[in-house]
Number of protein chains: 4
Amino acid sequence: MFSKFLNMDKEKQDRIINAAIKEFAQKGYDNASTNEIVKEAGISKGLLFHYFQNKKQLYLFLYEHMIDILMDKIMEKINWEEKDIFVRYRQIALLKIEIYQIYPEMLNFVKSIYKDSSPAVKIDINSRGKELFESSFNKLFSDIDLSKFKKGIDIKKAINIINWTLEGFAYQMQEKVSSLSLEQIASDKTMEEMEEYLEILRDSLYE
Amino acid sequence: MFSKFLNMDKEKQDRIINAAIKEFAQKGYDNASTNEIVKEAGISKGLLFHYFQNKKQLYLFLYEHMIDILMDKIMEKINWEEKDIFVRYRQIALLKIEIYQIYPEMLNFVKSIYKDSSPAVKIDINSRGKELFESSFNKLFSDIDLSKFKKGIDIKKAINIINWTLEGFAYQMQEKVSSLSLEQIASDKTMEEMEEYLEILRDSLYE
Amino acid sequence: MFSKFLNMDKEKQDRIINAAIKEFAQKGYDNASTNEIVKEAGISKGLLFHYFQNKKQLYLFLYEHMIDILMDKIMEKINWEEKDIFVRYRQIALLKIEIYQIYPEMLNFVKSIYKDSSPAVKIDINSRGKELFESSFNKLFSDIDLSKFKKGIDIKKAINIINWTLEGFAYQMQEKVSSLSLEQIASDKTMEEMEEYLEILRDSLYE
Amino acid sequence: MFSKFLNMDKEKQDRIINAAIKEFAQKGYDNASTNEIVKEAGISKGLLFHYFQNKKQLYLFLYEHMIDILMDKIMEKINWEEKDIFVRYRQIALLKIEIYQIYPEMLNFVKSIYKDSSPAVKIDINSRGKELFESSFNKLFSDIDLSKFKKGIDIKKAINIINWTLEGFAYQMQEKVSSLSLEQIASDKTMEEMEEYLEILRDSLYE
DNA sequence: GATGAATGAGTATTCATTCAT
DNA sequence: TATGAATGAATACTCATTCAT
């Protein structure tokens with residue numbers, strides 16, 4: 001399907017991918033301009049459509065490609081022996097920071113998929129997402145040791161609280177991105193603050 | 001600034017506001033069409049731009065106007081005698097549901113501000129948000145009784161956890177909106193589930 | 001439907017119509033460029049689409065409008081008392097020349113409808129054509145005096161021969177348009193030549 | 001000029017020709033896509049433009065080549081001993097039907113030349129047509145026995161009438177193509193009807 | 001001879017905004 | 001105050017043609 005694209009010069013490939021995920025992440029599917037993408041990538045109008053039938057195919061390719069890379073990273077970096085949910089979340093957080101530093105727009109793009117997704121692509125994303133994303137994502141928490149939670153607590157709700165708290169924290173950090181440098185965000189101080197949140201939650205939700 | 005608009009026939013005013021927030025909420029800032037707005041409001045193109053210099057000014061006016069109305073409702077409906085944070089949050093949740101039932105587009109509009117916010121208006125919203133929204137929002141929690149929290153706990157972080165959890169829960173509920181009716185969402189069962197979350201948090205974070 | 005357009009300044013209206021029928025007649029529906037039309041008409045891109053929803057609506061409007069004008073002219077100029085087919089054809093020929101001199105592209109446009117009609121508009125034209133064009137066109141020959149034809153001759157075939165001959169002659173004349181001026185074509189010499197054809201046919205097909 | 005092409009593998013040559021005349025016949029010069037032609041012919045884009053400088057040259061080559069083949073057939077099949085114009089025309093009509101059944105796209109292509117001919121190629125076709133087509137076509141009628149025509153009749157005009165009538169009849173038949181099968185069109189009934197037209201004309205124009 | 005990546009001007013249509021009335 | 005005609009840059013996408021391999 002996209003073999004033509006994937007067999008081309010790697011450097012140009014990356015220029016196109018970066019330009020495209022940046023544009024889509026910033027403006028959403030509908031408002032993303034293929035004009036801007038080719039300008040930023042330094043290629044001609046025709047070439048983009050030589051590789052991708054249309055804007056939608058480009059978007060769906062990026063979706064699958066980014067998820068693939070994300071999943072590969074997860075499988076590679078997570079220590080699956082460690083069953084404690086807080087340790088697992090800490091690993092995921094470090095992973096995110098790592099990806100953030102290499103492909104900063106990638107996480108924004110993945111996030112934007114859930115935010116915007118115009119009707120034009122929503123159905124396709126949903127059908128592909130159900131197979132790919134969720135199955136792999138569930139794996140992240142499928143083998144967690146649940147015995148450490150307080151007796152009587154609704155474990156599903158407890159996990160939700162942990163999740164929402166970390167999401168909220170990450171979002172708060174991201175808002176500072178424009179003023180802070182990535183280095184500062186990925187610094188010890190940020191990690192320390194996260195640890196403090198995790199500690200409060202562990203004290204609260206574990207036996 | 002917008003006094004010209006605010007002094008006009010109230011009924012036409014509302015037609016314009018309703019048409020505009022509906023369009024913006026449904027399509028986001030960039031994709032919202034002023035053509036659609038004037039058609040829905042039953043006014044001419046010229047008139048819209050007579051009252052509002054441009055699309056952006058219209059959007060920013062709506063933002064401020066909606067926040068104003070929201071704040072008025074809050075001030076009116078919150079029982080300020082009650083200082084317990086969990087009780088306060090419960091009141092806010094009920095308030096949201098109440099507004100949702102009366103002006104469904106209004107909350108969609110406010111929500112859409114955070115979801116989409118194209119780069120074209122993001123900066124303006126952020127700067128005004130800091131003044132308007134946060135100052136009023138802070139008032140919601142300025143007189144909270146902090147003595148009930150566990151000794152030694154970082155209270156700011158504890159409040160964040162409560163906040164993010166409720167946000168996460170609300171977001172989860174919203175995702176069901178397309179399949180569930182508003183009545184079902186605002187039902188006892190939803191409120192019960194929220195109570196369970198609040199109970200876990202109170203058990204965890206209070207002395 | 002097109003009242004907005006028909007109520008505008010007549011001179012600009014005509015500039016648009018002339019530019020459009022010329023472009024459609026020369027290049028056919030698919031290849032006609034709305035860019036060229038607005039350039040030739042001296043209006044902006046937006047204005048054309050302000051009056052006509054899209055290219056197809058413009059084409060269909062022109063079709064109906066041109067047929068209308070053509071039919072009005074026919075009803076006005078034909079002497080319906082005269083039942084002889086050769087006299088009737090002569091009147092029609094004179095009529096065509098007259099129209100040719102006033103709206104030269106109009107007849108080309110009408111002719112082009114039958115020649116090209118891309119699949120994009122064919123169905124719409126056919127359905128509208130059956131009502132409008134054919135019913136009125138049949139009227140042109142509905143009250144002809146058939147008693148003058150040779151006994152035993154197949155009258156339908158005889159009329160076809162007259163028709164095809166005059167069409168062939170007109171086509172031959174048109175091919176000379178690029179080299180000859182309209183004045184020369186509409187001259188006595190051309191009419192004389194046509195008379196000679198009609199005379200051969202009358203001698204041949206009448207008693 | 002096109003010797004490079006004509007010296008290549010005959011089978012590939014035919015694949016290209018067939019793909020090209022089909023595309024041109026179906027869509028007309030302007031809308032024919034060289035992309036489609038190379039896809040259908042199974043060759044690369046570059047190769048097409050290696051043999052033919054550009055789309056126009058390809059079209060003009062096809063025009064000349066098809067006329068050549070057509071003329072060869074004519075020279076081969078016409079009985080030149082028979083000098084009667086009506087008999088000659090009957091032979092030509094049969095010839096057309098024969099070709100129609102063997103190379104249906106070829107006649108479609110030749111026909112399409114007259115129908116669509118975008119301004120881009122019209123001039124070139126016209127100038128070449130005068131040399132090629134007409135010279136050969138004139139041969140078809142150069143040795144006709146003119147002595148049978150009525151005394152005093154303008155023979156050139158009489159021949160035109162015969163020609164236009166047969167053209168008109170053929171065109172009328174063609175319009176039925178979409179609903180009728182080729183077999184039905186080339187049936188005895190069609191030929192019979194043509195005979196009736198020829199008979200009327202012979203009775204009218206011969207002594 | 002043969003490939004197909006690459007180009008950029010071209011297509012129809014939209015839309016915020018202006019301005020004469 | 002109110003209208004809506006008019007603008008032109010922007011949109012996604014196509015396509016004949018070139019050229020390095």
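Both backbone and side-chain heavy atoms feed into the values below; hydrogens, waters and symmetry mates do not. Just so we're clear, the structure is a prediction, and the values are computed from it rather than from any experiment. Naming convention: chains lettered A, B, ... in sequence-line order (proteins, then strands); numbering from 1 in each chain.
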From CG of B:Leu48 across to P of E:dC19 the rounded distance in Å is 17 Å
When rounded to whole Å, the NE2 to C1' distance for the pair A:His50 and E:dG8 reads 15 Å
Taking atom P of E:dT7 as reference, at what distance in whole Å does atom CG of A:Asn35 sit? 14 Å
In whole Å, what is the span from the CZ atom of B:Phe49 to the C1' atom of F:dA6? 14 Å
How many whole angstroms separate atom CD of A:Glu36 from atom C1' of F:dA12? 14 Å
Residue C:Tyr51, side-chain atoms from C-beta onward, closest of F:dC13, E:dA6, F:dA5: F:dA5
If you check every side-chain atom of A:Ser44, which of F:dT7, E:dA6, E:dG4 has the closest atom? E:dA6
Of the nucleotides F:dA12, F:dT7, F:dA2, which has the atom closest to the B:Met8 side chain? F:dA2
Write down the distance between CD (A:Gln53) and C1' (F:dC15), rounded to a whole number of angstrom. 16 Å
With a 4.0 Å cut-off, would you call A:Asp124 and A:Lys56 a salt bridge? yes
Of the candidate nucleotides F:dT3, F:dT11, F:dT17, which contains the atom at the shortest distance from the side chain of D:Thr34? F:dT17
Does any donor-acceptor pair link the side chain of D:Lys45 with the base of F:dA16 at a separation under 3.5 Å? yes
Applying a 4.0 Å non-hydrogen cut-off, can you work out what B:Lys4 is touching in the nucleic acid: base, sugar-phosphate, or nothing? sugar-phosphate
Which nucleotide in the list F:dT7, E:dA2, F:dT3 gets nearest to the side chain of B:Leu47? F:dT3
Scan C:Phe24, C:Phe52, C:Tyr51 and name whichever one has a ring-ring contact (aromatic ring centres under 6.0 Å, His included) with C:Phe61. C:Phe52
Let's see if you can work this out: which of F:dA2, F:dA16, E:dA16 has an atom nearest to the side-chain heavy atoms of B:Lys55? E:dA16
By the definition side chain to side chain contact (heavy atoms under 4.5 Å, CB included), identify the one residue from C:Ile67, C:Ile21, C:Val110 that meets it with C:Leu62. C:Ile21
